[in-house]
Amino acid sequence: MSKSAPNPTAHANPEEPSPSQEAIREGGYGWVCVACVFLMNAHTWGINAAYGVFLSYYLSSDMLPGTSSLEYAFVGGLSIGCAMIIAPLATYLAHQISPRFVLNLGTILETISLITTSFVKTDWQLFLSQGICFGFGMGLCFCGSVGIPSHWFKRMRSLVNGIAAAGSGVGGLVYSLAVGKMIPELGFPWAMRILGILCFGVNIICANLLRVPPNSPAALNSGTFRLSLLGRLDFVLLLGWAFLGSLGYVCLLFSLPSYSVAIGLTQKQGSRAGALLSLGQAFGRPVVGLLSDHLGRVNVAFASSLASGLLSLVLWIFAGSVGLTYFFAVAVGLFAGTFLAAAAPLTAEVVGLEDLGAGLGIFWLSLGPPTAVAEVIALQLRDSPSEPKPYLRIQIFVGLMYIGSAASLAGLWFEMRRKKVSRGGKI
């Protein structure tokens, strides 16, 4: 069929390229966008991943007298929950104004958050600064940037999204170690101010370099919030995978450093465990993306979720030494954060590139409640430190959440097979 001839199956087959898609050269300026998203993830999710180190400091120093451990734990989950809840607004503003406006606004809010946190004196100020304000800034930066690499790539879409998502792992590694070093040497206030300055410098540059191809079909409909997608079983199963996986991920991310201290390791060793978890994600997400492009996106996401659940139930429960804890942190990090890297390509797989913006808006919004309460649930499940295994119920909960998310993907696989909408013969 010539390029000028009409294609009667253009709407029936999402794999068939439209003329506007053919005009996009694979990669090109898209690699600049991948690098920018990588850096923005490092300076949003990466800093949030270091909250386990902040939490250990808050609990050990009693920074805000009268604040309970439950309230401190809620701050980290609140920031992620706010980042997810603001997704529809970020999508709408990106369509009505521009993605650049959304990214710059998010950068400003995140910078304000980190600097004002250095001056907090009460718990409600901490909730507003490091919780709500940071979450809104992170959400605007993330939701404004996460779908952009998918507009530039098709054949390597999962790989480039994995590379971009690896930024959060690299950032988590760097800032977990940096925060653990800066707080005792420079003090908490200056540690937060330095983080704010770094985030502003990096994110403001990246925000103004990112752009969507003007002829991308996804750019035409990215601002539409379609609740009708919730009537599709395949999309609901995709949301189930993300909902359960995010519960397990946040509990694991914020509990591992404090778990390390509970089994007799030092605060520094606990921060290293959190950093090694981020290191595993930095290596794992690009590899998962590469495998997804060759073995099928649903297949690899299913295997990753199942591996995370089994590692939590089998290895984490028996990790009572520094060596085994570090090994578990790296091993589970290879798979645990898959839902962040696979969100855009899997959503495009299910709803099509034209509805990617609408699908991601609902996707991120659905993650608001579980991410906000995950660590609170973990603290409620934690037993007394005098018990031989105070984190046993948390470990079981994390493992079951990941296995449940894998079951949702198994259902999605069968539904996609039934509807025969797999790409290139793969699912």
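The model shown is predicted, which means the values in this text are computed figures rather than measured ones. Counting begins at 1 with the first residue of the sequence.
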Quick check, are the ring centers of Y391 and W316 under 6.0 angstrom apart? no
Looking at T44, is its backbone amide N or carbonyl O close enough to the side chain of N48 to form a donor-acceptor pair, meaning the two atoms are under 3.5 Å apart? no
Of the options S246, S405, S408, S305, which is the one that meets W241 in a side chain to side chain donor-acceptor pair (under 3.5 Å)? S305
Tell me if a side-chain donor or acceptor on S260 pairs with a main-chain N or O of L256 at a distance below 3.5 Å. yes
Mark yes or no for whether S113, through its side chain, and L109, through its backbone, hold a donor-acceptor pair below 3.5 Å. no
With distance as the sole test, does R211 use its side chain to make a donor-acceptor pair with the main-chain N or O of C33 at under 3.5 Å? no
Hey, mind stepping through F119 and R193 against side-chain contact (heavy atoms from CB on, under 4.5 Å) and telling me if it holds? CA-CA 10 Å; F119 297 101; R193 292 163 197 162; 3.3 Å; yes
Output yes when a side-chain donor or acceptor of S168 lies under 3.5 Å from a complementary backbone atom of A165, and no otherwise. yes
Using atom types as modelled and distance alone, determine if a side-chain donor or acceptor of E415 lies under 3.5 Å from a backbone N or O of G411. no
Minimum-distance pair of heavy atoms, taken over all atoms of T107 and I204: CG2-N, 3.9 Å
Tell me whether the centres of the aromatic rings in Y58 and F188 are closer together than 6.0 Å. yes
Where Y326 and A273 come nearest, the two heavy atoms and their spacing: CE2-N, 3.9 Å
Polar side-chain atom of Q96 near backbone of L93 as donor-acceptor pair, under 3.5 Å: no
State, to 0.1 Å, how close T371 and G368 come at their nearest heavy-atom pair, and which atoms those are. OG1-O, 3.1 Å
Under 3.5 Å, is there a donor-acceptor pair between the side chain of Y29 and the main chain of W152? no
Indicate the atoms forming the closest heavy-atom contact of C199 with L114, along with that distance. SG-CD1, 3.7 Å
Would F302 and W413 count as a close aromatic pair, with their ring centres under 6.0 Å? no
Heavy-atom closest pair (L237 atom, L412 atom, distance to 0.1 Å) is CD1-N, 3.5 Å
K181 atom NZ: more than 12 heavy-atom contacts under 6.0 Å: no
Taking the six-membered ring where the residue is Trp, are the ring centres of F200 and H43 under 6.0 Å apart? no
Do N41 side-chain atoms and A164 backbone N/O form a donor-acceptor pair below 3.5 Å? yes
W31/F153 aromatic ring centres below 6.0 Å: yes
